[in-house]
Participant: 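Dumping the structure here so I can ask a few things about it.
Throughout, residue positions are numbered sequentially from 1 according to the sequence presented. The structure displayed is predicted, hence computed values, not measured ones.
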Amino acid sequence: MKSIIITGGAGFIGNHVVRLFVNKYPDCLVINVDKLTYAGNLANLKDIEDRPNYRFVRADICDYGAMLALMREHGVEGVIHLAAESHVDRSIVDPFTFARTNVMGTLSLLQAAKVCWEERPEGYAGKRFYHISTDEVYGALELTEPEGVESPFTTKASSEHHHAYGTEFFREDTKYNPHSPYSASKASSDHFVRAFHDTYGMPTIVTNCSNNYGPYQFPEKLIPLFINNIRHRRPLPVYGKGENVRDWLYVEDHARAIDLIFHKGRPAETYNIGGFNEWKNIDIIKVLINTVDRMLGRREGEDMGLITYVTDRKGHDLRYAIDSRKLQRELGWEPSLQFEEGIEKTVRWYLDNQEWMDNITSGEYEKYYESMYANR
């Protein structure tokens, strides 16, 4: 493709996808569209900001006119849609923002792509609209206690921690059952994407991914928040008893999957992307404490006393677990990193980039962007 739009490219997953595409496809113009809300930070892309095949556009995906004009101006042939409000706690407090961005923003992009592509002689030929969703749209799975069960998945990234916490997994045909305003908004956007294929013939793809971790994640999320708190010996607030289970995937492995699916996935298909890697929250927190303590020269486990149990949040699903064997079978993708290796790399990155963390937690980056774009 000559040009593509990646929405939310200044965010956590988005910056890894933008970087991959800019470096791997020098003849393709990669247009990063990001509103630069609290979770978007251009410092995440400093290393590629001057590349000739990269362009940043500050815009709101809900601005249909702006999206249509941008697609027309650059002859955009593909859209990779990552921009979303994604924090469950925030959605409980302010569901309207999630509906606006996640539902209406997706609809705005779909309609702009539809109009733009239908204006061209070739129509939808060679085009693609790729929508990134979440495993949370499926609801929750039962938890097997106390020993768990043997995982049915085998990958090169399998490690000693290779078990599951139940016998059921989210598959591409699992019925939607969202439990939070966030997951409800993502489920709605997924339906719109599929409807644009069924109604207009638009070549769309949807992927539903498990929890991501790695560099550049906004520090309201569990792993970067707790790494920073351990470093500064601040309390580690754990919901309930910390028994909620999540499937974790290193963010660069997700970016590789997006690249592969965007280019080789079948239109109108859904692909689940997972890490084959289930952990209870309390167990992953203990791994983080041991790893941070060791890297800071402390006695391993010295900061276990920072764990503080707090009242569980509303609508807190007990277990998510992805079956991504369809993606493995059809396109040959699987995670490249063992979880232990990924956690080592992640903790080291945050400890080595304290200036980035301080800039985020202080909010200075937001003030900078507001002043920079105030007169544009």
Participant: Okay, side chain of Ser183, backbone of His179: is any donor-acceptor separation there less than 3.5 Å?
Facilitator: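 It does hold such a pair.
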
Participant: If you count every heavy atom of other residues, nucleotides or ligands that lies below 6.0 Å from Phe192 atom CZ, does the total exceed 12?
Facilitator: no

Participant: Taking the six-membered ring for Trp, are His16 and Phe21 closer than 6.0 Å centroid to centroid?
Facilitator: no

Participant: Side chain to side chain contact (heavy atoms under 4.5 Å, CB included) between Asn228 and Tyr350: does it pass, once the steps are laid out?
Facilitator: CA-CA 8 Å; Asn228 199 44; Tyr350 284 105; over 6 Å; no

Participant: Would you indicate whether Lys326, at its atom NZ, is surrounded by more than 12 heavy atoms from other residues, nucleotides or ligands within a distance under 6.0 Å?
Facilitator: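 Yes, enclosed.
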
Participant: What class does the angle between the rings of Tyr239 and His316 fall in, given that below 30° is parallel, 30 to 60° is tilted and above 60° is perpendicular?
Facilitator: perpendicular

Participant: Ignoring hydrogens, what is the shortest heavy-atom contact between Leu29 and Tyr54? Give both atom names and the distance.
Facilitator: CD1-N, 4.2 Å

Participant: Okay, side chain of Asp293, backbone of Asp303: is any donor-acceptor separation there less than 3.5 Å?
Facilitator: yes

Participant: Describe, in one word, how the ring planes of Phe339 and Trp279 are oriented to each other, choosing from parallel (under 30°), tilted (30 to 60°) and perpendicular (over 60°).
Facilitator: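 Ring orientation of Phe339 relative to Trp279: tilted.
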
Participant: Looking at Arg233 and Glu302, is there a salt bridge between them, counting it only when a charged N and a carboxylate O are closer than 4.0 Å?
Facilitator: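 Counted as a salt bridge, because a side-chain N and a carboxylate O are separated by less than 4.0 Å.
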
Participant: Could you tell me the separation between the CZ atom of Phe12 and the NE2 atom of His254, rounded to the nearest 0.5 Å?
Facilitator: 10.0 Å

Participant: Measure from NZ or CZ of Arg246 to the centre of the six-membered ring of Tyr320, then state whether that distance is under 6.0 Å and the direction lies within 45° of the axis.
Facilitator: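 Yes, Arg246 lies over the aromatic ring of Tyr320.
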
Participant: Using 0.5 Å steps for rounding, measure from the OH atom of Tyr250 to the CG atom of Asn212.
Facilitator: 11.0 Å

Participant: So, Asp259 and Arg256, do they make that salt bridge, N to O below 4.0 Å?
Facilitator: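 No salt bridge links Asp259 with Arg256.
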
Participant: With salt bridge (Lys or Arg N to Asp or Glu O under 4.0 Å) as the rule and sequence neighbours excluded, what pairs involving residues 182-191 come up?
Facilitator: none

Participant: Hey, mind stepping through Glu269 and Lys264 against salt bridge (Lys or Arg N to Asp or Glu O under 4.0 Å) and telling me if it holds?
Facilitator: CA-CA 11 Å; Glu269 285 294 321; Lys264 297 187 177 180; over 6 Å; no

Participant: Walk me through whether Leu70 and Val57 qualify under side chain to side chain contact (heavy atoms under 4.5 Å, CB included).
Facilitator: CA-CA 9 Å; Leu70 186 63; Val57 176; 4.1 Å; yes

Participant: Hey, is Glu118 close enough to Lys114 for a salt bridge, meaning N to O under 4.0 Å?
Facilitator: yes

Participant: Taking atom CZ of Arg171 as the centre, report whether more than 12 heavy atoms of other residues, nucleotides or ligands fall under 6.0 Å from it.
Facilitator: no

Participant: Run the salt-bridge test on Arg329 and Glu334 with the 4.0 Å N-O cut-off and return the result as yes or no.
Facilitator: no

Participant: If you count heavy atoms of other groups shown closer than 6.0 angstrom to CE of Met295, is the number above 12?
Facilitator: yes

Participant: Can a donor-acceptor pair be found, under 3.5 Å and without considering hydrogens, that links the side chain of Thr199 to the backbone of Ala195?
Facilitator: yes

Participant: Between Glu77 and Arg128, does at least one N-O distance fall below 4.0 Å, as a salt bridge requires?
Facilitator: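 No salt bridge links Glu77 with Arg128.
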
Participant: Can a cation-pi geometry be assigned to Arg319 and Phe169, taking NZ or CZ under 6.0 Å from the six-membered ring centre and within 45° of the ring axis?
Facilitator: yes

